[in-house]
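Excluded from the calculations below are hydrogen atoms, water molecules and symmetry mates; all remaining heavy atoms, backbone and side chain alike, are included.
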Amino acid sequence: MALFMPLVTLEQIEQARERIAGVAVRTGLYRLDLQHARGLGFTLPDDLPTIWLKAENEQPIGSFKLRGAYNKVASLTEDELARGVVAHSSGNHAQGVAYAAKVRGAKATIVMPEIAPRIKRDATASHGAEIVLVGPASSERIATADRIVRETGAVLVPPYDDDLIIAGQGTCGLEILEQLPEADLVLSPVSGGGLLSGIATAIKSSRTDVRVWGAEPELAGDAAESFRRREIVEWPGSQTSKTIADGLRTQSLAQRTYNHIVAYVDGILTVTEDEILEATRLLLTAAKMVAEPSGAVTLAAALFHAEELPASRNVVCVVSGGNLDPALRQELIEAES
């Protein structure tokens, strides 16, 4: 049973949009040319709807995480900024908080797993953040960040369990409705649930006729199980760390994000590792869009699980990030169709 706590409002999301303007950007929405993809050798169903790509890889840090991170950090008082900020992240939230802290003149300490891609660790460090490395489990990252907060008095900037974070991510949903009023299905990646919560809140508060679904890896399918069972289910880090989608390895939803998802989301489905890689490769070669595996799960759902989704004419796939490991990028380019 969901514990009661107020849900983020449309007004809070509108306020977030004003707050992050000039730092986070309004990202593009592009139609995927399915015929071109087929011409390159991709085997796709014949009856797919029109698919649109919301390119969050166009953000300054290469992912949507800047929206929520900056909304949170920009809301801190001068005294709080002087104490510094702390975050725990597998990569993209780390960059978002480091970037936001740099803009606001605050020190950032980021707790990251040792298995985080080098490209994300280096990018976080490039913004001046101090990095603390721990094991692969998200529970270890959380415990370490909490300890640093207790010891230093710094302010925690959670990756998803915070109203300001959710409101910031919700600005992506506002943009989708403005860019494509005829959208009838929006797919968002889901891990801790901040992006899905924000997008679903923004869309359902404005247009109840638009369906919102989450997508996540089969190997880290805790959100889908939680949605199905109507209770928060936690998966072990040893399991969720198996997926190539490193940004979606969180072990469970937070109570706050779970409440938003139950209130506004229509469904959550899972995709296989092969489907994630094929969608990543299609984006890279057919759409000329650099997406990391975590950002490609929505396209994998639209392409390979259309029969599980509501009938629609215009599907928006949120491509949540583009911080693709260079070695994997080269491997995908060289792979045969």
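At least one side-chain heavy atom of Val316 sits less than 4.5 Å from a side-chain heavy atom of Leu180. Trp235 places a side-chain heavy atom less than 4.5 Å from the side chain of Val233. Val319 is listed as a side-chain neighbour of Met289, based on a closest heavy-atom distance under 4.5 Å.
With rounding to the nearest 0.5 angstrom, the CG atom of Leu195 is 9.5 Å from the OG1 atom of Thr298. To the nearest 0.5 Å, atom OG of residue Ser63 and atom CD of residue Glu58 are 13.0 Å apart.
Asp222 has no carboxylate O lying under 4.0 Å from a charged side-chain N of Arg229, or vice versa, which leaves the two without a salt bridge. Under a 4.0 Å N-O distance rule, the pair Glu56/Arg67 qualifies as a salt bridge. A salt bridge links Glu178 to Arg26: at least one charged side-chain nitrogen sits closer than 4.0 Å to a carboxylate oxygen. A salt bridge is defined here as a Lys NZ or Arg NE, NH1 or NH2 lying under 4.0 Å from an Asp or Glu carboxylate O, and Arg83 with Asp79 meets this definition. Ion pair Asp246/Lys120 flagged as a salt bridge, since at least one NZ, NE, NH1 or NH2 atom sits closer than 4.0 Å to an Asp/Glu carboxylate oxygen. Taking the charged nitrogens against the carboxylate oxygens, Glu182 and Arg313 have no contact shorter than 4.0 Å, which rules out a salt bridge. Ionic pairing of Asp162 and Arg256 is not present here: no N-O contact between side-chain nitrogen and carboxylate oxygen is shorter than 4.0 angstrom.
Remark: side-chain polar atoms of Glu292 are paired, donor with acceptor, to backbone N or O of Asn323 under 3.5 angstrom. Distance alone, capped at 3.5 Å, is enough to place a donor-acceptor pair between the Glu273 side chain and the Ile244 backbone. With Gln12 contributing its side chain and Thr9 its backbone, the two residues share a donor-acceptor pair below 3.5 Å. Of the possible polar contacts, none joining the Thr243 side chain to the Thr240 backbone as a donor-acceptor pair under 3.5 Å is found.
Shown here is Lys107, whose NZ atom has no more than 12 heavy atoms of other residues, nucleotides or ligands within 6.0 Å. In Glu151, the CD atom is crowded: over 12 heavy atoms of neighbouring residues, nucleotides or ligands sit closer than 6.0 Å.
Gln179 and Lys54 share a side-chain donor-acceptor pair at under 3.5 Å.
Placement of Val132 and Leu156 within a single hydrophobic cluster is found when ILVMFWY residues are connected by side-chain heavy-atom separations under 4.5 Å, directly or transitively.
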